[in-house]
**Q** 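Quick one: structure below, then a few questions.
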Amino acid sequence: MELTVTKHATCTFCGCVCDDIELHSDGTRVVETKAACILGKSWFLNHDVVRHYPDALVDGQEATLGEAIEAAANYLYEADLPLVYGLSNTTCEAQRQAVTLAEMTGGIIDSHTSL
Amino acid sequence: MGGKPSCTLGEIRNRADFLIYWGGNPAECHPRHFTKYSLMPKGKFTPNGRKDRTMVLVDIRETASAKAADIFLQIRPGKDFEALTALRSIVKGKRVEESAVVETGLTMEQLNDLATRMKKAKFGVIFFGMGLSMTRGKHMNSAAAMTLAAELNAFTKFVAMPMRGHGNVTGADVVVRYHTGYPFGVNLSRGYPRFNPGEFSTVDVLVRGDNDATIIIGADPGATMPQPAIDHLASTNTIVLDPKVTHTSRLSKVHITTAATGISAPGTAYRMDEIPMTLRPPLKSPYPTDEEVLRRISEAVARKAAWYPTPEALMAAV
Ligand code: SF4
């Protein structure tokens, strides 16, 4: 089996954000980590890219991505005061989009920091 | 944050000879902090590594991190603000009575010794954890730690840094700050940002039932928040973006599966010292990224009539 080696990979499990990790992956999952601590190792080993879940769920039923996006946009648009929350386990690029969405819908934006 | 006494972890690695960890357990929560950034590395001005540094741990119980410390100070739960305030007075040479500090569980002798060591350090740092910032006093405790570090700069170089957990929570602060001017709890409902923690912070908003829809990205409050907040999420329109179908997804109207940050989603994450790091995901996800889904939701909202009076609408009305 061919393994792909990713050098200088970045771990986002804790605030140390170590960027010196070496990852060996088989295309579906990471099979080996170098330099990561136990928390980082289990973080990388516990995710794979197998389709375990449906693309989307609307009212508990499987839905397409497009349907779910429309439903989400409607709920947020119809709301008097939407709340955009979380933002920890995501990228800065997504956080920027989240601010845009909060501004467009006239909502509140908040993160784990407020807990 | 204006005037925040901070620096990068690289500076600490190369220069810091006095470390205080307050209300945190890095040995178990940030396992590589000691070895990569703070206690162990041989730096430019700390050529002997561990031997050139002194470490103090302040916590309510002797955690695994205490083994690494030179001095362990056991403080009474919820008395951090009092101890920090006493230290600020001692550092400034003010008279502090023993009776004023007994409630902290620390003695005058211990506090005097700590203040002396802080002033004598060449480069000192206070790393404060959730044991400080999430217990009685909350952000006032963080402010006290930062003020103490700022005031120590009258004597030597001193900084304070929060030990952030939760992946890219530092990035959330930075990104929301550079867009709105405030780091979190920002209300944009009047078309301009208003900041008021306690009023616009999530748990308060949910418990009071102020909002009527929620979109949750990269978090699972269903597993951690107080029950009234979860009940409100379940009874209103909630949308979840997450790589897994989470506890919160199950009580939501919409769940969208997204790629996992740093594993199958590329982008940027901020380190606790506010240095942005590029992610190098090793895998390709069959799901879209949070960024893409949020952009598409914004585009769908943009196709609808704006909720606020646009210049065009105002002109048409006259
Ligand atoms: S490797 Fe360990 S210390 Fe480094 S970011 Fe990951 S969890 Fe944190």
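Within every chain, numbering begins at 1; the chains are lettered A, B, ... in the order of the sequence lines, protein sequences first and strands thereafter.
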**Q** Highest number of heavy-atom pairs under 4.5 Å with chain A: which of B:V186, B:V301, B:V169?
**A**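 Looking at each option in turn, the highest pair count goes to B:V186.
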**Q** Locate the shortest heavy-atom distance separating A:G106 from B:W307; write the atom from each residue and the value.
**A**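 Where A:G106 meets B:W307 most closely, the heavy atoms are CA-CZ2, 3.4 Å.
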**Q** Count the heavy-atom pairs under 4.5 Å between each of A:G60, A:C11, A:P54 and chain B, then report the option with the highest count.
**A**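 Among the listed options, the one with the most contacts to chain B is A:P54.
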**Q** Can you name the closest pair of heavy atoms from B:M277 and A:D19 and give their distance?
**A**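 Result for this residue pair: CE-OD2, 3.1 Å.
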**Q** Is there a side-chain contact between A:D20 and B:K36 in this structure, where contact means two heavy atoms from C-beta onward sitting under 4.5 Å apart?
**A**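 Sidechains of B:K36 and A:D20: in contact.
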**Q** Measure A:A35 against the heavy atoms of chain B and call it side chain, backbone, both or neither at under 4.5 Å.
**A**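 Interface part for A:A35: both.
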**Q** Side chains of A:T12 and B:N168 only: does a donor on one sit below 3.5 Å from an acceptor on the other?
**A**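 Their side chains do not contain a donor-acceptor pair, so the 3.5 Å distance test is not met.
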**Q** Is A:F13 in contact with chain B via its backbone, its side chain, both, or neither, using a 4.5 Å heavy-atom distance?
**A**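 Backbone only.
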**Q** Identify the heavy atoms of A:D48 and B:L283 that sit nearest to each other, and give their distance.
**A**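 That closest heavy-atom pairing would be CA-CD1, 4.4 Å.
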**Q** Of the backbone (N, CA, C, O) and the side chain (C-beta and beyond), which part of A:I69 lies under 4.5 Å from a heavy atom of chain B, both, or neither?
**A**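 For A:I69, heavy atoms of backbone and side chain both lie under 4.5 Å from chain B.
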**Q** At what distance, to the nearest 0.5 angstrom, does OG of B:S298 lie from CD of A:E103?
**A**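 Rounded to the nearest 0.5 Å, the OG-CD separation comes to 10.5 Å.
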**Q** Mind checking whether A:R96 and B:L294 have side chains closer than 4.5 Å, heavy atoms only?
**A**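 Side chain of A:R96 against side chain of B:L294, heavy atoms only: no contact under 4.5 Å found.
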**Q** Is B:T289 close to chain A through its backbone or its side chain, or both, or neither, when contacts mean heavy atoms under 4.5 Å?
**A**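 No part of B:T289 comes within 4.5 Å of chain A.
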**Q** I'd like to check B:I263 versus A:W43 (side-chain heavy atoms, cut-off strictly below 4.5 Å). Are they in contact?
**A**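 Yes, close enough: below the 4.5 Å cut-off.
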**Q** Ignoring hydrogens and angles, tell me if any N or O in the side chain of A:Q95 forms a donor-acceptor pair with the backbone of B:V176 under 3.5 Å.
**A**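 Side chain of A:Q95 to backbone of B:V176, a donor-acceptor pair under 3.5 Å: no, none is there.
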**Q** Is a side-chain N or O of A:Y77 found less than 3.5 angstrom from the main chain of B:A305, in a donor-acceptor match?
**A**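 Yes, A:Y77 side chain to B:A305 backbone: donor-acceptor pair under 3.5 Å.
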**Q** Chain A heavy atoms under 4.5 Å from B:Y178: which part of the residue, side chain, backbone, both or neither?
**A**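 Answer is side chain: those atoms of B:Y178 sit under 4.5 Å from chain A.
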**Q** If you count heavy-atom pairs under 4.5 Å between each of B:P31, B:S264, B:P26, B:A300 and chain A, which one has the most?
**A**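 It is B:P31.
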**Q** Checking B:P286 against chain A: side chain, backbone, both or neither under 4.5 Å from a heavy atom?
**A**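 Both the backbone and the side chain of B:P286 come within 4.5 Å of chain A.
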**Q** Do B:I215 and A:L83 have side chains that approach each other closer than 4.5 Å (heavy atoms only, starting at C-beta)?
**A**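 With C-beta onward as the side chain, the pair stays apart.
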**Q** Which of the residues B:T257, B:D212, B:T261, B:N211 is involved in the greatest number of heavy-atom pairs with chain A at under 4.5 angstrom?
**A**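 Most pairs with chain A among the choices: B:D212.
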**Q** Would you say the side chains of A:D110 and B:S201 form a donor-acceptor pair under 3.5 Å?
**A**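 A:D110 vs B:S201: no donor-acceptor pair found between side chains.
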**Q** Heavy atoms only, distances under 4.5 angstrom: which of A:V50, A:T6, A:L101, A:I21 has the most pairs with chain B? Name it, please.
**A**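 Between A:V50, A:T6, A:L101, A:I21, the count favours A:L101.
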**Q** Apply side chain to side chain contact (heavy atoms under 4.5 Å, CB included) to B:K253 and A:D59, showing your working.
**A** CA-CA 5 Å; B:K253 293 267 164 48; A:D59 294 323; 3.3 Å; yes
**Q** Highest number of heavy-atom pairs under 4.5 Å with chain B: which of A:D26, A:L87, A:T4, A:V5?
**A**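 Of the options given, most contacts go to A:L87.
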**Q** Side chain, backbone, both or neither: which part of B:A269 has a non-hydrogen atom closer than 4.5 Å to chain A?
**A**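 Looking at B:A269, backbone and side chain both touch chain A.
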**Q** Rounded to the nearest 0.5 Å, what's the gap from SG on A:C14 to CE on B:M163? Could you check?
**A**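 Reported value, rounded in 0.5 Å steps: 7.5 Å.
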**Q** Side chain, backbone, both or neither: which part of A:T28 has a heavy atom under 4.5 Å from chain B?
**A**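 When you check distances to chain B, only backbone atoms of A:T28 fall under 4.5 Å.
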**Q** Do you know which of A:S111, A:G40, A:C92 has the most heavy-atom pairs with chain B at a distance under 4.5 angstrom?
**A**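 Ranked by heavy-atom pairs under 4.5 Å with chain B, first place is A:C92.
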**Q** Run the salt-bridge test on A:E70 and B:R303 with the 4.0 Å N-O cut-off and return the result as yes or no.
**A**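 Result for this pair is yes, salt bridge flagged.
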**Q** To the nearest 0.5 Å, tell me how far A:T100 OG1 sits from B:I297 CD1.
**A**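 Result: 12.5 Å between the selected atoms.
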**Q** Name the region of B:P221, side chain, backbone, both or neither, that has any atom closer than 4.5 Å to a heavy atom of chain A.
**A**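 For B:P221, the side chain is the part near chain A, not the backbone.
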**Q** Tell me if the CE atom of B:M140 is crowded by more than 12 foreign heavy atoms within 6.0 Å.
**A**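 Check fails, neighbour count at 12 or below.
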**Q** Specify which of B:I239, B:V254, B:T268 makes the most heavy-atom pairs with chain A at under 4.5 Å.
**A**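 Option with the top pair count is B:T268.
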**Q** What residue, out of A:E78, A:H52, A:K7, A:H8, has the most heavy-atom pairs lying under 4.5 Å from chain B?
**A**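 It is A:H8.
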**Q** As an exercise: rank B:G185, B:G165, B:S133 by heavy-atom pairs under 4.5 Å with chain A and give me the winner.
**A**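 Of the options given, most contacts go to B:G185.
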**Q** At a heavy-atom distance under 4.5 Å, which candidate from B:V174, B:I216, B:V203, B:V245 has the highest pair count against chain A?
**A**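 Option with the top pair count is B:V245.
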**Q** Heavy atoms only: give me the nearest B:G267-A:T91 pair and the separation to one decimal.
**A**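 Residues B:G267 and A:T91, closest heavy atoms: CA-CG2, 4.0 Å.
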**Q** Mind checking the OG-NZ spacing from A:S114 to B:K138? Nearest 0.5 Å is all I need.
**A**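 If I round to the nearest 0.5 Å, the distance is 8.0 Å.
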**Q** Under a 3.5 Å cutoff, is there a donor and acceptor pairing between the side chains of A:T113 and B:D173?
**A**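 Distance-only check passes for A:T113 and B:D173.
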**Q** Is NZ or CZ of A:R51 both nearer than 6.0 Å to the six-membered ring centre of B:Y287 and within 45° of the ring axis?
**A**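 Judged by the rule (NZ or CZ under 6.0 Å from the ring centre, within 45° of its axis), A:R51 counts as positioned above B:Y287.
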**Q** Shortest non-hydrogen contact from B:R280 to A:T10?
**A**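 Minimum heavy-atom contact is NH1-OG1, 3.9 Å.
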**Q** For A:C16, is there any backbone N or O sitting under 3.5 Å from a side-chain donor or acceptor partner on B:Y37?
**A**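 At least one qualifying donor-acceptor pair exists.
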**Q** With rounding to the nearest 0.5 angstrom, report the SG to CG distance, B:C29 to A:L39.
**A**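 Reported to 0.5 Å precision, the distance equals 8.0 Å.
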**Q** Using side chain to side chain contact (heavy atoms under 4.5 Å, CB included), reason through A:I108 and B:L188 one step at a time and then give a plain yes or no.
**A** CA-CA 6 Å; A:I108 291 176; B:L188 295 154; over 6 Å; no
**Q** Measuring from atom SG of A:C18 to atom NE2 of B:H30, what distance do you get when rounded to the nearest 0.5 angstrom?
**A**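 If we round to the nearest 0.5 Å, A:C18:SG and B:H30:NE2 are 10.0 Å apart.
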**Q** Report the C-alpha separation of A:E93 and B:V175 in whole Å, then their side-chain angles, then the decisive distance to 0.1 Å, and conclude whether the side chain to side chain contact (heavy atoms under 4.5 Å, CB included) test is met.
**A** CA-CA 9 Å; A:E93 288 75 3; B:V175 171; over 6 Å; no
**Q** Return the minimal non-hydrogen interatomic distance between A:Q97 and B:E291, and the atom names on each side.
**A**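 Distance-wise, the nearest heavy atoms are CG-O, 3.8 Å.
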**Q** Tell me, for B:A259 versus chain A, whether the close heavy atoms (under 4.5 Å) come from the side chain, the backbone, both or neither.
**A**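 Answer is neither: B:A259 stays 4.5 Å or more from chain A.
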**Q** Quick check on B:E299 against chain A: is it the side chain, the backbone, both or neither that has a heavy atom closer than 4.5 Å?
**A**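 It is neither, since no heavy atom gets under 4.5 Å.
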**Q** Which of the residues A:L76, A:D55, A:N89, A:L57 is involved in the greatest number of heavy-atom pairs with chain B at under 4.5 angstrom?
**A**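 Max contact count across the listed options: A:L57.
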**Q** Would you mind checking which part of A:H24 comes under 4.5 Å of any heavy atom in chain B, side chain (CB onward), backbone (N, CA, C, O), both or neither?
**A**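 Neither part.
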**Q** Going through the checks in order, is the side chain to side chain contact (heavy atoms under 4.5 Å, CB included) test met by A:H47 and B:K244?
**A** CA-CA 10 Å; A:H47 285 81; B:K244 300 195 157 117; 3.9 Å; yes
**Q** Check whether A:I38 gets within reach of chain B through its side chain, its backbone, both or neither, counting any heavy atom under 4.5 Å.
**A**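 For A:I38, neither part sits under 4.5 Å from chain B.
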**Q** Got a sec: does the NZ of B:K304 have more than 12 other heavy atoms crowding it under 6.0 Å?
**A**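 Result for NZ/B:K304: enclosed.
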